[in-house]
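Take a look at the structure set out below.
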Amino acid sequence: MVTRFAPSPTGRLHVGHAWSALLAHDMVRGRGGAFRLRIEDIDGTRSRPEHVAGIVEDLRWLGIAWDGDIVFQSARLDRYEAALEQLRALDLLYPCFCTRADIAASAMAPHGPEGPLYPGTCKALAEADRTRRIAGGEPHAWRIDMARSAVRAGPLTWQALPFPWEDGAAMDRVRANPIQAGDVVLARKDAPASYHLSCTLDDAAMGVTHVLRGDDLIGPTDIHRLIQALLDLPSPIYLHHPLLTGPDGRRLAKRDGSIALADLRAEGADPRRLADDLRHARFPIGISLGRA
Ligand code: GLU
């Protein structure tokens, strides 16, 4: 068994991250498995080196040890580019020159479960236009042609374990419906790969067998399953846990400084006790388990 924790270094860790990391860590400890740490640091606008150091410090404070070296996405850009090349060769990607404002202004923008879908403006561009605009240095993202990709991949399912998980729990097969996400971005204008691509490639490269993460990522799992099929990658088992919510009922976010591990530490919290409480789903006052 191999699990992982894959934070983005855009802030310090909060209690929700700690709980998620402990779940993934505990799943393999005592079962001869490995728990890996991956830093998802290719979001150049929001990732900060000081947050990487902060995350490492927070995890150590909490007593969470990981196996092997930390994997940094910023060191794997050539892998992402190779995968993009493979998908381009299959004619499954197209360059998109739209700005956020262009997309928002499109009266036609259809909606999916995760928000507005890309209206497909750049899908219709002639090849000559694409070549000219790229040659002219116009910033562009690369989007997946979802309809074409879904046809190529055929019907897909992913394996899910229920949460909370117990030894011997029966696996579910979930039908993947990536089409409803629309033509998502696989390489961003400002980053050489999107979360969907880098996460899927890295989980495969790190030999991750069980992906344990928040249930806000159930929808993206359909996209990840599709990418696995297109690139011939193994598909791990997924467990999605409910997100923790704050006193206002909203999910915890890095903006809620009060539940940052660094703050609890500064207040003199005992990390062993905190870890033990989280393991038993005893959360700090005001924090509770959201509905799955
Ligand atoms: N970097 C992502 C996050 O912090 C990881 C998501 C995942 O576990 O796949 O939300």
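We count ligands from 1, going down the list as the structure has it; atoms in each ligand are counted the same way. These numbers come from a predicted model, not from an experiment.
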So does D26 pair up with R279, basic N to acidic O under 4.0 Å? yes
Would you check whether A6 has a nitrogen or oxygen atom less than 3.5 angstrom from a nitrogen or oxygen atom of ligand 1? yes
Salt-bridge criterion met for D69 and R36 (N-O under 4.0 Å): no
Would you say R100 has more than 12 foreign heavy atoms packed within less than 6.0 Å of its CZ? no
Is NZ or CZ of R88 both nearer than 6.0 Å to the six-membered ring centre of W142 and within 45° of the ring axis? yes
Within a distance under 4.0 Å of any heavy atom of C199, pick out the atoms of ligand 1 and give their elements. 9 (O)
Can you find an N or O of R38 that's nearer than 3.5 Å to an N or O of ligand 1? no
Rounded to the nearest 0.5 Å, what separation is found between the CD1 atom of I287 and the CZ atom of R251? 14.5 Å
Record the part of V211 in heavy-atom contact with ligand 1 below 4.0 Å; permitted values are side chain, backbone, both and neither. neither
For R213, take its heavy atoms, then give the atoms of ligand 1 lying under 4.0 Å from any of them. 7 (C), 8 (O), 9 (O)
As an exercise, identify every atom of ligand 1 less than 4.0 angstrom from a heavy atom of E40. 1 (N), 2 (C), 5 (C)
In ligand 1, the atoms that come under 4.0 Å of a heavy atom of R4 are 7 (C), 8 (O), 9 (O)
Going by the 4.0 angstrom heavy-atom rule, the piece of F5 near ligand 1 is neither
Electrostatic pair R282-D276, nearest N-O below 4.0 angstrom: yes
